[in-house]
Amino acid sequence: MTEMTPVTDTNANAADAEAPKKMVLPDAQTVTAVRHWTDRLFSFRVTRPASLRFRSGEFVMIGLMGDPHPETGKQKPLLRAYSIASPSWDEELEFYSIKVQDGPLTSKLQHIKVGDQIILRPKPVGTLVHDALLPGKRIWFFATGTGFAPFASLLREPQTYEDYDEVIITHTCREAGELQYGAELIESLKDDELLNEVIGEGFWKKIKYYPTTTREESAKMGRITDLMRSGEAFADLGVEPLNAETDRAMICGNLAFNLELKEMLEDYGLEEGANSDPKHYVVEKAFLD
Ligand SMILES: Cc1cc2nc3c(=O)[nH]c(=O)nc-3n(C[C@H](O)[C@H](O)[C@H](O)COP(=O)(O)OP(=O)(O)OC[C@H]3O[C@@H](n4cnc5c(N)ncnc54)[C@H](O)[C@@H]3O)c2cc1C
Ligand SMILES: NC(=O)c1ccc[n+]([C@@H]2O[C@H](COP(=O)([O-])OP(=O)(O)OC[C@H]3O[C@@H](n4cnc5c(N)ncnc54)[C@H](OP(=O)(O)O)[C@@H]3O)[C@@H](O)[C@H]2O)c1
């Protein structure tokens with residue numbers, strides 16, 4: 001059921017009886033933390049609706065009220081798809097967002113502060129879920145840009161480590177600063193007492209992290225697709241190329257990246273799965289183009 005939470009206290013008392021009626025925001029959640037990573041990227045946390053259940057890797061629609069209609073003054077919710085970056089067990093919800101300067105939503109969303117409210121439609125969906133994959137030995141998470149978000153959830157999901165012996169996360173961005181959210185998150189897993197207790201001490205040693213940049217100098221340069229084609233990525237990681245018997249994969253990036261990598265995985269013999277038909281890999285767009 002959809003929750004309705006008022007944005008503001010509408011229990012008018014004598015003092016504010018004259019004040020104009022304040023808007024009621026449907027499905028409101030309160031911002032509890034905001035962090036800006038670059039001039040194009042930020043992350044934030046919000047309260048979680050008590051009724052919301054989701055699988056790590058899924059996305060929901062979130063947003064703000066749009067501008068009032070010039071004639072009627074009516075406002076409509078302005079919603080966009082967002083991967084939930086926090087794991088399914090977390091008490092709050094985390095999101096990792098782009099800032100598009102003329103973007104209808106993110107031109108405003110980038111200014112949210114602790115205590116503000118956003119709209120969150122509690123209907124999680126998505127293909128980047130463990131249920132869509134057959135059992136395997138090694139899982140690959142392939143991301144570009146904000147496509148890291150669903151993997152921020154899955155890297156903190158106990159099932160990821162229960163199901164696989166090895167977890168490889170690749171993240172390709174234009175600039176080094178765009179890798180920081182992911183790098184810090186992965187580093188923080190080492191000291192995460194709860195996860196080390198629940199999953200097992202040293203669970204994070206299963207992770208192999210492979211960040212690359214394409215337009216700014218960093219420790220590893222190049223698109224992950226090119227680095228796989230040349231064999232450099234496999235040599236760096238000390239693993240064999242993917243095969244359908246042992247390897248499972250999830251892809252989340254821009255459309256061209258998704259299509260190119262999908263074709264490569266098919267060449268390795270992997271087949272695309274779905275919730276209703278689990279196979280070897282799954283794909284989701286990081287944004288619509
Ligand atoms: C399944 C799904 C999950 C998504 N999850 C996330 C998420 O976790 N974090 C997130 O920031 N966005 C995510 N998006 C994109 C998001 O829905 C919005 O497009 C984004 O918030 C920008 O909204 P906007 O209204 O400001 O601009 P829009 O009008 O939506 O987009 C304007 C343009 O900005 C570019 N753009 C949009 N989103 C991105 C992005 N994420 N990275 C780089 N360029 C982009 C595109 O060129 C687009 O045409 C997701 C999209 C889909 C389909
Ligand atoms: N990132 C920025 O600094 C920046 C700044 C201003 C505006 N923008 C705009 O924002 C939008 C999104 O930019 P973004 O950087 O977030 O995302 P993006 O363009 O999707 O690029 C993210 C990363 O994916 C790589 N990539 C793209 N296609 C690929 C493919 N087919 N195979 C493998 N890797 C691939 C890119 O490498 P390549 O670099 O080789 O393409 C880049 O490293 C673009 O329209 C861009 O013009 C971005």
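Read the numbers this way: they start at 1 and go in the same order the structure lists the ligands and their atoms. Note that the structure is predicted; figures quoted are calculated from it, not measured.
- Two residues are said to be in side-chain contact when any heavy atoms from C-beta on lie closer than 4.5 Å; F42 and I112 meet this criterion.
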After noting the C-alpha distance and the side-chain angles of S43 and W37, does the key distance pass the side chain to side chain donor-acceptor pair (under 3.5 Å) rule? CA-CA 8 Å; S43 60; W37 298 89; 2.8 Å; yes
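- At least one N or O atom of I98 sits closer than 3.5 Å to an N or O atom of ligand 1.
- Residue, atom and distance of the protein heavy atom nearest to atom 10 (C) of ligand 1 are Y82 CE2, 3.5 Å.
- Within the 4.0 Å heavy-atom shell around ligand 1 one does not find G145.
- Summary of contacts: the protein heavy atom closest to atom 31 (O) of ligand 1 is V100 CG2, 4.7 Å.
- Not less than 6.0 angstrom separates the ring centroid of F59 from the ring centroid of Y82.
- Residue Y164 is grouped with residue F141 when hydrophobic side chains (ILVMFWY) are merged at heavy-atom distances under 4.5 angstrom, including chains of intermediate members.
- Heavy atoms only, all atoms of each residue included: R48 and E92 are closest at CB-CA, 4.1 Å.
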Determine, step by step, whether T160 and H130 satisfy the side chain to side chain donor-acceptor pair (under 3.5 Å) criterion, reporting the C-alpha distance in whole Å, the side-chain angles of both residues, the deciding distance to 0.1 Å, and the verdict. CA-CA 8 Å; T160 300; H130 283 306; 2.9 Å; yes
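- Summary of contacts: the protein heavy atom closest to atom 5 (N) of ligand 1 is S83 N, 3.2 Å.
- Neither the backbone nor the side chain of P150 has any atom closer than 4.0 Å to an atom of ligand 1 (non-hydrogen atoms only).
- Checked against a 3.5 angstrom limit, the closest N/O atoms of T106 and ligand 1 fall inside it.
- In terms of protein heavy atoms, atom 49 (O) of ligand 1 is closest to L288 O, 3.8 Å.
- In terms of heavy atoms, L155 sits closest to L189 at O-CD1, 3.9 Å.
- Checking only distances, K285 never comes within under 3.5 Å of ligand 1, N or O to N or O.
- Summary of contacts: the protein heavy atom closest to atom 30 (O) of ligand 1 is R80 NE, 2.9 Å.
- Looking only at protein heavy atoms, the nearest one to atom 13 (C) of ligand 1 is A286 O, 3.4 Å.
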Give the intermediate values and the outcome of side chain to side chain donor-acceptor pair (under 3.5 Å) for residues E187 and Y209. CA-CA 10 Å; E187 188 60 27; Y209 174 45; over 6 Å; no
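- Near ligand 2, residues R40, T144, T172, C173, R174, E175, E178, T214, R215, R223, T225, N254, A256, F257, E260 each place a heavy atom inside the 4.0 Å sphere around the ligand atoms.
- Every N/O-N/O distance between A149 and ligand 1 stays at or above 3.5 Å.
- Per-atom contact check: atom 8 (O) of ligand 1 touches the protein, criterion being a heavy-atom distance below 4.0 Å.
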Determine whether D39 and K99 satisfy the following criterion, salt bridge (Lys or Arg N to Asp or Glu O under 4.0 Å), listing intermediate values before the conclusion. CA-CA 7 Å; D39 58 351; K99 302 177 201 176; over 6 Å; no
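- Taking 4.5 Å as the limit, some side-chain heavy atom of Y161 sits within range of a side-chain heavy atom of I207.
- When each of K137, K208, K205 is tested with E166 by the rule side-chain hydrogen bond (donor to acceptor under 3.5 Å, both in side chains), just one qualifies, namely K208.
- Protein heavy atom in closest approach to atom 47 (O) of ligand 1: D289 OD1, 3.2 Å.
- The P104 neighbourhood of ligand 1 comprises atoms 24 (P), 25 (O), 26 (O), 27 (O), 29 (O), with distances under 4.0 Å to a heavy atom of that residue.
- On a distance-only criterion, T146 and ligand 1 share at least one N/O pair closer than 3.5 Å.
- Shortest contact from atom 43 (C) of ligand 1 to any protein heavy atom: F287 CE2, 3.4 Å.
- Only the backbone of Y96 comes within 4.0 Å of ligand 1, judged by heavy-atom distances.
- Ligand 1 has an N or O atom lying under 3.5 Å from an N or O atom of A81, backbone or side chain.
- Here the closest non-hydrogen pair linking L120 and L93 is CD1-CD1, 3.4 Å.
- A donor-acceptor contact closer than 3.5 angstrom is absent between the side chains of S86 and S153.
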When you look at R55 and N275, which way does the side chain to side chain donor-acceptor pair (under 3.5 Å) test go after all the steps? CA-CA 12 Å; R55 293 176 294 178; N275 272 286; 2.9 Å; yes
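- Ionic pairing of D236 and K220 is present here: one or more N-O contacts between side-chain nitrogen and carboxylate oxygen are shorter than 4.0 angstrom.
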